[in-house]
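Computed from heavy atoms alone, side chains included, the values below leave out hydrogens, waters and symmetry copies. Whatever order the structure lists them in is the order used to number ligands and atoms, beginning at 1.
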Amino acid sequence: MTQSDCLFCKIIAGEIPSTVVHETDTTFAFRDLHPQAATHVLIVPRAHYTDAVDLAKNAPALLDDITLAAGEIAGQEGIAESGYRLVFNTGADAGQTVFHTHLHLLGGEQLGHFGRP
Ligand code: AMP
Ligand code: ZN
């Protein structure tokens, strides 16, 4: 299931270039274009769902898949021990700009507090 006007569906399809760091049958992960930390990777299900709750309601196994992929990528990037943050921005107040479920993996340095700027 893909959506023709979705940026991340196009990235998964290879129609828009990305720096791929990890792939499985169900997941795809690439470096964020505007990194917010030394390591900033986006992990997405290949299938199109709008956000984390949509994914959990309709394809909960994929939520496991992207979380497990995040753990593997953290190992690959050498930050499994130092720690990392996993974030799902959901909706306008959180600043979600792409409505294809994506898990941000942030790390590689001491991260600041989150919440209010
Ligand atoms: P969000 O704000 O949670 O919806 O996250 C969307 C993320 O996608 C942002 O961190 C953007 O920097 C990132 N992004 C936008 N376009 C691209 C792209 N072409 N390749 C990689 N990351 C992108
Ligand atoms: Zn999509």
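Contacts between H104 and ligand 1 below 4.0 angstrom, taking non-hydrogen atoms only, involve the side chain exclusively. Proximity of V87 to ligand 1, defined as any heavy-atom pair under 4.0 Å, is not found for any part of the residue. With a heavy-atom cut-off of 4.0 Å, F99 does not touch ligand 1 at all.
No option in H104, R85, R31 other than H104 meets the side-chain hydrogen bond (donor to acceptor under 3.5 Å, both in side chains) test with H40.
Geometrically, ligand 1 and V98 share a nitrogen or oxygen pair separated by less than 3.5 Å. The N/O atoms of N89, backbone and side chain alike, include one that comes under 3.5 Å of an N/O atom in ligand 1.
Residue-environment remark: CG (D5) exceeds the threshold of 12 foreign heavy atoms within 6.0 Å.
Protein heavy atom nearest atom 2 (O) of ligand 1, with residue, atom name and distance: G95 O, 3.0 Å. Shortest contact from atom 1 (P) of ligand 1 to any protein heavy atom: H102 NE2, 3.1 Å. Protein heavy atom in closest approach to atom 10 (O) of ligand 1: D32 OD2, 2.5 Å. Among all protein heavy atoms, the one lying closest to atom 15 (C) of ligand 1 is L7 CD2, 4.0 Å. When only non-hydrogen protein atoms are considered, atom 4 (O) of ligand 1 lies nearest to T97 N, 2.7 Å. With hydrogens left out, the protein atom closest to atom 21 (C) of ligand 1 is L33 N, 3.3 Å, a heavy atom.
Looking only at distances, no side-chain donor or acceptor of E77 sits under 3.5 Å from a matching main-chain atom of T39. H102 places a side-chain N or O within donor-acceptor distance of the main-chain N or O of H100, the cut-off being under 3.5 Å. T101 places a side-chain N or O within donor-acceptor distance of the main-chain N or O of Y49, the cut-off being under 3.5 Å. The backbone N or O of V98 sits less than 3.5 Å from a side-chain atom of Q96, completing a donor-acceptor pair.
Between the CZ atom of F88 and the OG1 atom of T67 there is a distance of 5.5 Å, given to the nearest 0.5 Å. Between the CG atom in D54 and the CG atom in L63 there is a gap of 11.0 Å [rounded to 0.5 Å].
Checked against the 6.0 Å centroid threshold, F28 and F8 do not count as a close aromatic pair.
Distances from ligand 1 to the non-hydrogen atoms of I11 include at least one value under 4.0 Å. Heavy-atom separations between R31 and ligand 1 include at least one value shorter than 4.0 Å. Residue contact check for ligand 1: F8 places a non-hydrogen atom closer than 4.0 Å to it.
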(message) Test side-chain contact (heavy atoms from CB on, under 4.5 Å) on L86 and L105; report intermediate values, then the result.
(response) CA-CA 5 Å; L86 299 177; L105 167 63; 3.7 Å; yes

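Listed by number with element, the atoms of ligand 1 under 4.0 angstrom from any heavy atom of Q96 are 4 (O).
The SG atom of C9 and the ND1 atom of H100 meet at the Zn ion (ligand 2) at an angle of about 110°, given to 10°.
Listed here is the closest heavy atom pair of A29 and I73: CB-CD1, 3.4 Å.
For H48, the N, O or S atom with the smallest separation from the Zn ion (ligand 2) is ND1.
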